[in-house]
Amino acid sequence: MNKSELIESLAMKKSLPFRKAEEVINTVFDSMADALLSGDKIEIRGFGSLVVREYDAYTGRNPKTGERIPVKAKKLPFFKVGKDLREKVSG
């Protein structure tokens with residue numbers, strides 16, 4: 001499911017105009033991104049949690065040429081699935 005399918009699903013299930021459903025979804029995603037940017041953890045019970053993990057710099061390798069290249073330190077969002085969702089998906 002992509003973002004537009006999620007918006008369409010919300011609009012149909014809650015009898016909302018498409019534009020209103022799009023506004024709701026965008027607000028939720030923007031709020032989540034803002035929380036992660038400020039260092040907060042997002043936890044949705046039964047679904048999962050999102051945190052920002054910091055990765056140290058390291059020396060990588062270009063797979064095409066074999067040349068060693070420095071990779072900068074970075075921060076990336078990490079999703080950990082919740083127990084309820086994990087059990088639901090696995091059957």
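Remember, it's a predicted structure, so these values are computed and weren't measured experimentally. Positions are given from 1 along the sequence.
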**Message:** Are Leu10 and Phe47 connected into the same hydrophobic cluster when the rule is that any two of I, L, V, M, F, W, Y join if their side-chain heavy atoms are below 4.5 Å apart?
**Reply:** yes
Identify each donor-acceptor pair in which a side-chain atom of residues 14-23 lies under 3.5 Å from a protein atom, sequence neighbours left out, and give them as a table.
unit_1	atom_1	unit_2	atom_2	d
Arg19	NH1	Glu22	OE1	3.1

**Joint cluster assignment, Leu76 & Phe79, ILVMFWY side-chain distance < 4.5 Å** = no
**Message:** I'd like to know if Met1 and Val28 are part of one continuous hydrophobic network [Ile/Leu/Val/Met/Phe/Trp/Tyr, side-chain heavy atoms within less than 4.5 Å].
**Reply:** yes
**Asked** What is the distance from atom CG of Asp40 to atom CG of Asp34, rounded to the nearest 0.5 Å?
**Response** 10.0 Å
**Request:** Measure the CD1-OH distance between Ile69 and Tyr58 for me, rounded to the nearest 0.5 Å.
**Result:** 8.0 Å
**Message:** On a heavy-atom basis, which atom in Met32 and which in Ile42 lie closest, and how many Å separate them?
**Reply:** O-CD1, 3.3 Å
**Request:** Following the transitive rule for hydrophobic clusters with a side-chain heavy-atom cut-off under 4.5 Å over Ile, Leu, Val, Met, Phe, Trp and Tyr, establish whether Leu50 and Ile44 coincide in one cluster.
**Result:** yes
**Prompt:** Do the side chain of Ser31 and the main chain of Thr27 share a donor and acceptor less than 3.5 angstrom apart?
**Reply:** yes
**Message:** Could you see if Leu36 belongs to whatever hydrophobic cluster contains Phe29? Use Ile, Leu, Val, Met, Phe, Trp, Tyr and a side-chain cutoff under 4.5 Å.
**Reply:** yes
**Message:** Enumerate the side chain to side chain donor-acceptor pair (under 3.5 Å) contacts for residues 74-91, please, sequence neighbours excluded, ordered by first and then second residue.
**Reply:** none
**Request:** Scan residues 43-56 for pairs that pass side chain to side chain donor-acceptor pair (under 3.5 Å), counting only residues two or more places apart or in two chains.
**Result:** Glu43-Arg45
